[in-house]
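Written out below as structure tokens is the structure these notes cover.
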Amino acid sequence: MNFTRWSARFPGTQRRAAARDDNSSVPAARAESVRPRTAAGAADDTSEDSAQGPSPEALSAGELLGRLPAPVALLHGPEHRITYVNAAYTSAFGPRPSGVPAAEAMPELAELSLLPLMDQVLRSGTPRTVKSRKVLAGNSYTVTCTPVATGDPDGPDGEAGVLVYATDVTDHAEAAERLRASERRHRETAVTLQRSLLPQDLEQPDDLRIAATYQPGGTDAAVGGDWYDVITLGAGRTALVIGDVMGRGVRAAAVMGQLRTAVRAYARLDLPPHEVLQLLDVLAAEIDASQIATCAYAVHDPNEGHLVYASAGHLPILVCDEDGTVHRAEDPTGPPLGTGGWVHTSGTIPLPPGSTAVLYTDGLVERRSEDIDEGVAALERALSGAKGSPQVVCDRLIRSLGVTAEHDDDVAVLVVQHPARTGASAELFHNASLELLGGIEAAPRARAFATGVLASWRFPMELCDLGVLAASELVANSLQHGTPPMRLGLRRTDRRLIIEVTDGDDHLPRRRRAEPADEAGRGISIVATIATSWGSRRTPGGGKAVWCEFALPG
């Protein structure tokens with residue numbers, strides 16, 4: 001086989017040949033080193049040629065290819081018939097017979113998916129390279145297919161072929177796979193930590209229907225610190241929380257877990273939303289001053305018909321009315337948590353029956369190609385047409401905003417519906433209240449009022465007696481230690497009876513052990529003993545509210 005004949009058509013060979021002139025065998029690229037010939041020029045040229053060594057043209061293609069440590073194969077014709085394989089190719093894949101089509105005698109090319117590629121190289125005359133492909137034996141190769149030809153490609157003796165050059169990259173591919181496996185383990189650890197720190201089962205208040213969705217970023221993105229929570233505060237009130245710790249990985253998830261735990265602890269104090277964020281701001285700086293976190297904290301009171309909320313650098317809450325009109329929480333937000341030096345404030349947004357509120361993180365609406373306000377506007381449009389249960393609304397918002405499994409950022413969405421109840425369902429929810437006017441005579445009026453209301457709600461006799469006793473003790477406590485205005489409120493839901501007394505004094509009662517000789521101090525202990533739960537909180541206008549709950553039978 002005349003390899004010199006093939007090498008004459010390797011890319012670049014023709015250019016080198018054309019660069020020579022008739023009077024010199026030195027390529028034009030080296031012309032700058034040519035000196036004028038003198039009488040002693042012959043001796044000079046001889047010494048120069050010996051220093052440069054033999055030119056590549058003096059070596060045959062077979063000699064060059066045979067010495068390469070990488071597998072090389074030369075194939076010709078549309079069937080890619082085998083012309084030549086070097087020793088490295090034989091060592092890697094075994095001997096190959098000449099003149100036989102590659103599809104029949106070279107299965108490794110099929111394993112590397114090179115046969116279609118070689119067809120493209122023949123048609124286009126353009127070299128192609130594929131990286132790190134594995135054969136069945138387990139080795140990985142990076143392969144370059146280069147077009148070659150003999151004679152005049154358009155003449156009767158011209159024939160096109162492909163030079164296949166393979167580099168064994170098995171060690172590199174295995175190292176890369178180990179790195180990818182390590183990254184997958186790190187990601188799985190972070191995702192597991194993230195999901196374990198999120199609520200496993202959302203609390204479902206009596207008056208609201210709630211669903212949430214968390215979706216980590218795509219497989220190439222480290223998990224972030226998005227989080228949400230639903231906390232029942234007692235007396236029918238519910239706290240809704242959404243937050244985002246900037247950054248990615250286990251550290252962000254760990255900081256998120258600490259903040260979520262702190263929010264639950266502060267929520268039990270039943271503080272206004274802005275005071276919860278004020279405490280959280282200080283704690284965030286202590287946990288890690290380098291981590292930036294945003295948070296929105298809202299409280300729903302079924303007696304008020306709106307959300308009271310505060311925001312630390314978080315995106316605005318959206319509320320969609322029953323007719324599809326979307327409202328955006330417009331009150332100013334404070335800076336992210338951990339910055340310090342800022343006094344947070346609370347705002348309100350209506351949440352009437354039939355409406356839906358959405359709390360979300362920036363991964364839902366933020367895109368690199370557009371302003372974030374455009375993303376929030378797109379979410380408003382999607383929310384206005386989203387109907388169905390909270391989980392259905394969650395899924396529709398995710399789809400409408402184009403969030404897929406390959407999305408490059410974490411997404412957390414919390415959907416809260418305040419259902420409009422009618423018919424038999426509405427009969428399970430009632431409110432009644434009495435202004436406590438006058439002095440000590442308010443106590444018997446409160447007992448009579450509680451007795452009549454509980455009887456009209458058709459509660460069992462035992463529950464009626466316990467409810468009247470609890471109302472009597474709370475009213476007596478308020479008359480003795482509180483200040484006007486005073487008010488007794490009774491509320492029933494499909495699951496519980498709630499009794500609440502408010503007055504103008506902001507001193508919160510506490511349960512204490514009364515001595516046998518004490519004539520007072522047992523009211524709160526009695527309430528705590530007979531009720532399912534009890535608590536107290538300061539009211540926004542000054543004063544306090546003391547409440548207790550009874551779980552309904554069945």
Side-chain angles (χ1 to χ4, degrees), residues 206 231-237 265-271 301 303 430-493 495-553:
D206 299 357
I231 309 166
T232 54
L233 302 177
R237 302 167 71 250
Y266 294 148
R268 297 306 176 191
L269 300 176
D270 217 337
L271 300 172
D301 189 332
N303 297 315
H430 289 287
N431 287 288
S433 62
L434 174 69
E435 298 295 331
L436 300 176
L437 303 175
I440 193 171
E441 67 274 9
R445 287 203 305 271
R447 284 193 295 270
F449 174 77
T451 301
V453 169
L454 296 181
S456 68
W457 290 347
R458 300 179 182 179
F459 284 147
M461 184 62 67
E462 181 181 359
L463 180 58
C464 286
D465 292 342
L466 293 176
V468 170
L469 176 59
S472 177
E473 293 295 338
L474 292 180
V475 169
N477 185 78
S478 181
L479 290 172
Q480 182 174 358
H481 303 287
T483 59
M486 300 179 186
R487 181 174 173 272
L488 168 64
L490 302 177
R491 174 175 170 79
R492 70 154 295 169
T493 71
R495 307 179 203 174
R496 70 198 77 221
L497 164 66
I498 301 168
I499 302 173
E500 185 175 67
V501 175
T502 60
D503 63 57
D505 184 83
D506 62 0
H507 178 73
L508 300 180
R510 60 184 179 89
R511 185 179 181 182
R512 65 183 182 88
R513 183 185 297 275
E515 298 298 329
D518 292 344
E519 297 182 359
R522 295 181 175 84
I524 296 298
S525 294
I526 293 174
V527 171
T529 301
I530 63 175
T532 305
S533 61
W534 78 282
S536 61
R537 71 179 188 280
R538 291 186 173 90
T539 53
K544 66 176 179 294
V546 186
W547 55 269
C548 66
E549 294 181 351
F550 293 87
L552 300 185

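We find the CD1-CH2 distance between Ile499 and Trp534 to be 14.5 Å, quoted to the nearest 0.5 Å. Atom SG of residue Cys548 and atom CD1 of residue Ile526 lie 12.0 Å apart, to the nearest 0.5 angstrom.
By the side-chain hydrogen bond (donor to acceptor under 3.5 Å, both in side chains) test, Ser536 pairs with no residue at all, sequence neighbours left out. Shown here are the side-chain contact (heavy atoms from CB on, under 4.5 Å) partners of Pro540, two or more places apart in sequence or in another chain: there are none.
In the displayed structure, His430 atom NE2 is contacted under 6.0 Å by more than 12 heavy atoms of other residues, nucleotides or ligands.
Between Ala267 and Ile231 the shortest heavy-atom distance is CB-CD1, 3.8 Å. Heavy atoms only, all atoms of each residue included: Leu490 and Ala450 are closest at CD1-CA, 3.9 Å. Of all the heavy atoms in Asn477 and Pro509, the pair that sits closest is ND2-CB, 4.2 Å. Among all heavy-atom pairs drawn from Ala432 and Phe449, the shortest one is CB-CZ, 3.8 Å. Heavy-atom minimum distance, Ala531 versus Phe550: CA-CE2, 3.6 Å. Nearest heavy-atom pair, Ala528 versus Arg511, reported as atom, atom and distance to 0.1 Å: CB-NH1, 3.5 Å.
Leu488 places none of its side-chain heavy atoms less than 4.5 Å from the side chain of Leu474. Taking the side chain as every heavy atom from C-beta outward, Ile530 and Glu473 never approach each other to under 4.5 Å. Annotation: side chain of Leu552 is not in contact with side chain of Arg495 (no heavy-atom distance under 4.5 Å). Between Leu454 and Val468, some side-chain heavy-atom pair lies under the 4.5 Å cut-off.
Considering Val501, Thr483, Thr502, Val546 as possible partners of Ser478, the one that fulfils the side chain to side chain contact (heavy atoms under 4.5 Å, CB included) test is Val501.
Among residues at least two apart or in separate chains, salt bridge (Lys or Arg N to Asp or Glu O under 4.0 Å) pairs with a member in residues 525-543 are Asp301-Arg537, Glu500-Arg537. Screening residues 431-448 for salt bridge (Lys or Arg N to Asp or Glu O under 4.0 Å), with sequence neighbours left out, gives Glu435-Arg487. Sorted by first then second residue, the side-chain hydrogen bond (donor to acceptor under 3.5 Å, both in side chains) pairs that include residues 455-465, not counting sequence neighbours, number zero. Residue pairs meeting the salt bridge (Lys or Arg N to Asp or Glu O under 4.0 Å) criterion with at least one partner in residues 540-552, sequence neighbours excluded, are Arg496-Glu549, Asp503-Lys544, Asp505-Lys544.
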